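Everything quoted here is computed from the prediction, not taken from an experiment. Proteins get letters first, then strands, A, B, ... in listed order; numbering begins at 1 in each. All values below come from the heavy atoms of this structure, side chains included, with hydrogens, waters and symmetry mates left out.
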There are 2 protein chains.
Amino acid sequence: MPHPPVHSPTILCTVDVVLLTLAVDGLQVALLARDRAPHAGALALPGGFVHPGEDAGTHGAAARMLREKAGLHSPYLEQLATFSGPDRDPRGWSVSVVYYALVPPMAQDVGATSAVEWHSVDRLPPLPFDHTEIVHQALARVRSKSQYSSLPVHLCGERFTLPQLKAVYEAVLGERVNQVSFRRRMDELGMLEPVVGELVGGAHRPAQVWRVKAAHRTGVSLSARVLGGER
Amino acid sequence: MPHPPVHSPTILCTVDVVLLTLAVDGLQVALLARDRAPHAGALALPGGFVHPGEDAGTHGAAARMLREKAGLHSPYLEQLATFSGPDRDPRGWSVSVVYYALVPPMAQDVGATSAVEWHSVDRLPPLPFDHTEIVHQALARVRSKSQYSSLPVHLCGERFTLPQLKAVYEAVLGERVNQVSFRRRMDELGMLEPVVGELVGGAHRPAQVWRVKAAHRTGVSLSARVLGGER
DNA sequence: CTAATAGTGTCTATAAGACAGTATACT
DNA sequence: AGTATACTGTCTTATAGACACTATTAG
């Protein structure tokens with residue numbers, strides 16, 4: 001069977017980004033009002049076409065989406081999966097390479113000029129295309145990976161206390177984490193270093209401030225075992 | 001910044017499949033001599049262009065590659081990742097959605113008319129494009145996932161003994177597996193059922209024959225913990 | 001001193017691995 | 001009976017969780 005022409009004109013190649021952060025009421029996802037058809041005006045994941053002349057790969061395209069649409073640079077940006085089919089986009093047969101990114105809460109304000117709306121992942125509005133399914137898969141990945149890795153540190157600012165980081169883990173995993181196990185785990189991962197300054201916790205014993213060692217800023221550290229929960 | 005025309009003509013959209021099986025000397029990957037430029041004649045992963053008119057998605061396209069190029073149907077076919085960039089294919093900016101598949105050794109013969117060559121993953125010939133990197137990532141995924149799931153059962157035929165299955169796990173993981181832990185794990189996963197017939201092991205006590213329960217034929221069962229090895 | 005949170009020491013529970021024992025076939 | 005392999009009982013070891021204790025701050 002002969003192949004179609006090399007430059008197949010009928011496949012749309014796009015990139016979408018599930019940009020997550022953490023607020024007081026849990027994980028939030030960044031949504032943006034679409035500025036063109038289809039679904040003009042509807043809230044959707046930041047995304048767009050891959051620009052072959054501009055992007056070095058889909059990862060670079062995803063980073064560009066974050067820069068152009070949310071006005072920020074995310075140190076953690078990982079491929080989630082690729083979604084495709086004839087019906088997910090009314091314009092035609094489409095392929096969307098989806099990435100997910102985690103940013104600390106403060107990063108929201110950096111791109112304050114952008115039109116990003118943050119929505120709790122527990123109260124998602126209806127989303128166009130297959131974006132609801134995409135967000136659910138991203139959440140599943142983040143929760144699963146948080147069980148055995150340092151992923152959640154990317155939801156913290158540059159400096160944080162262990163009780164703060166523990167609260168972040170609990171917010172992501174949706175369950176309490178054992179304090180002793182947590183501190184043991186963070187020690188074993190060996191990616192945190194104490195900062196000599198301290199931080200008052202309300203009006204009580206102040207907690208040690210930590211930060212991620214330079215070597216671990218962009219990736220994640222993995223553990224062979226799991227903190228709480230089930231896979 | 002305006003988007004390019006909807007039907008961007010400059011992105012090649014392809015699918016590649018890392019098809020794995022198990023031989024006496026370990027995991028083997030299916031390679032096929034390319035029948036056209038670029039790299040005509042070179043051994044490469046089975047793959048090809050997505051056909052929008054024919055494929056319901058990239059998963060379907062990968063299944064079609066297996067059918068057309070290897071003459072077989074794989075019950076286990078999962079997305080690995082998507083590879084992209086301007087330089088990986090000399091024809092231009094390309095996106096390849098890569099899947100991996102596991103088949104039992106006998107399945108090789110079903111597609112005997114095909115030109116598939118099986119190569120040990122430990123002695124890969126030089127591969128074109130970024131196929132070497134792709135195979136390595138697929139192996140890493142299979143090995144990692146085998147630690148906490150039933151993935152390797154797809155490398156067995158329909159009926160097998162537990163000692164046989166244990167040997168498959170050991171071949172994939174590249175290390176010995178504790179016998180008691182292994183049997184406990186298989187019991188907990190609860191996806192195997194005994195077949196009343198038995199099977200002679202050389203000239204000694206015969207082993208019980210098992211098969212995967214119907215409900216678990218196509219997917220994998222997951223365990224919260226890990227068998228040997230480190231992540 | 002009290003209250004409240006940070007951090008640690010230590011016991012318990014659970015699950016994986018080691019090892020040796022029993023079971024069952026063939027020669 | 002001998003032997004090789006299948007299978008199991010049970011002890012040991014490793015690690016996560018529970019719980020209580022100490023530490024340090026403000027008021």
Peer 1: Hydrogens and angles aside, do A/Glu117 and A/His119 bring a side-chain donor and acceptor to less than 3.5 Å of each other?
Peer 2: yes

Peer 1: Salt bridge or not between A/Glu188 and A/Arg184? Use side-chain N to carboxylate O under 4.0 Å.
Peer 2: no

Peer 1: Out of C/dG7, D/dT8, D/dA18, which has the shortest distance to the side chain of A/Val180?
Peer 2: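 The closest nucleotide is D/dA18.
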
Peer 1: How long is the line joining CZ of B/Arg184 and P of C/dT14, in whole Å?
Peer 2: 14 Å

Peer 1: If you assign B/Pro163 and A/Glu188 each to the DNA chain D nucleotide with the nearest heavy atom, which residue ends up on the more 5' nucleotide?
Peer 2: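 Looking at DNA chain D, the more 5' nearest nucleotide goes with B/Pro163.
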
Peer 1: Write out a two-atom table: protein N or O, nucleotide N or O from nucleotides 1-4 of chain C, distance below 3.5 Å.
Peer 2:
residue: C/dA4; atom: O4'; partner: A/His204; partner atom: ND1; Å: 3.3
residue: C/dA4; atom: O4'; partner: A/His204; partner atom: NE2; Å: 3.4
residue: C/dA4; atom: O3'; partner: A/His204; partner atom: NE2; Å: 3.4
residue: C/dA4; atom: N3; partner: A/His204; partner atom: ND1; Å: 3.3

Peer 1: Under the ring pair (Phe, Tyr, Trp, His ring centres under 6.0 Å) rule, collect the residues that match up with B/Phe83, sequence neighbours excluded.
Peer 2: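 Scan of B/Phe83 (ring pair (Phe, Tyr, Trp, His ring centres under 6.0 Å), adjacent residues dropped) gives none.
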
Peer 1: So, for A/Val168 and A/Pro152, which heavy atoms are closest and what is the spacing to 0.1 Å?
Peer 2: CG1-O, 3.7 Å

Peer 1: Counting any heavy atom closer than 4.0 Å, what does B/Arg185 reach on the DNA or RNA strands: base, sugar-phosphate only, or nothing?
Peer 2: sugar-phosphate

Peer 1: Rounded to the nearest angstrom, tell me the gap between atom CE in B/Met186 and atom C1' in C/dA16.
Peer 2: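 That distance rounds to 14 Å.
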
Peer 1: Between D/dA23 atom C1' and A/Leu162 atom CG, what is the distance in whole Å?
Peer 2: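 My rounded result for the distance is 16 Å.
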
Peer 1: Measure from CD on B/Glu170 to C1' on C/dG17 and round the result to the nearest Å.
Peer 2: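 The answer, rounded to whole Å, is 14 Å.
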
Peer 1: If you assign B/Val177 and A/Arg183 each to the DNA chain C nucleotide with the nearest heavy atom, which residue ends up on the more 5' nucleotide?
Peer 2: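 It is A/Arg183 whose nearest nucleotide is closer to the 5' end.
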
Peer 1: Do the side chains of B/Lys213 and B/Glu193 get close enough for a salt bridge, i.e. N-O under 4.0 angstrom?
Peer 2: no

Peer 1: Atom CZ of A/Phe182 and atom P of D/dT15: how far apart are they, to the nearest Å?
Peer 2: 19 Å

Peer 1: With sequence neighbours excluded, tell me which residues meet ring pair (Phe, Tyr, Trp, His ring centres under 6.0 Å) with A/Phe160.
Peer 2: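 For A/Phe160, no residue satisfies ring pair (Phe, Tyr, Trp, His ring centres under 6.0 Å) once neighbours in sequence are set aside.
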
Peer 1: Would the base of C/dG17 count as contacting B/Arg176 through its side chain, where contact means a donor and an acceptor less than 3.5 Å apart?
Peer 2: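 Checked by distance alone, the answer is no.
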
Peer 1: Can you check the B/Asp187 CG to C/dA16 C1' distance for me, whole Å?
Peer 2: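 So the two atoms are 15 Å apart, to the nearest Å.
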
Peer 1: What about B/Gln179, does its side chain sit under 3.5 Å from the base of C/dG17 through a donor-acceptor pair?
Peer 2: no

Peer 1: So, does the side chain of A/Asn178 form a donor-acceptor pair with the base of D/dA16 at under 3.5 Å?
Peer 2: no

Peer 1: Mind calculating the distance between CG (B/Leu199) and P (D/dT5) to the nearest angstrom?
Peer 2: 15 Å

Peer 1: Tell me: CH2 of A/Trp210 to P of C/dA6, nearest whole Å?
Peer 2: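 Between P of C/dA6 and CH2 of A/Trp210: 14 Å.
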
Peer 1: Under 3.5 Å, is there a donor-acceptor pair between the A/Asp16 and A/Ser96 side chains?
Peer 2: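 Yes.
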
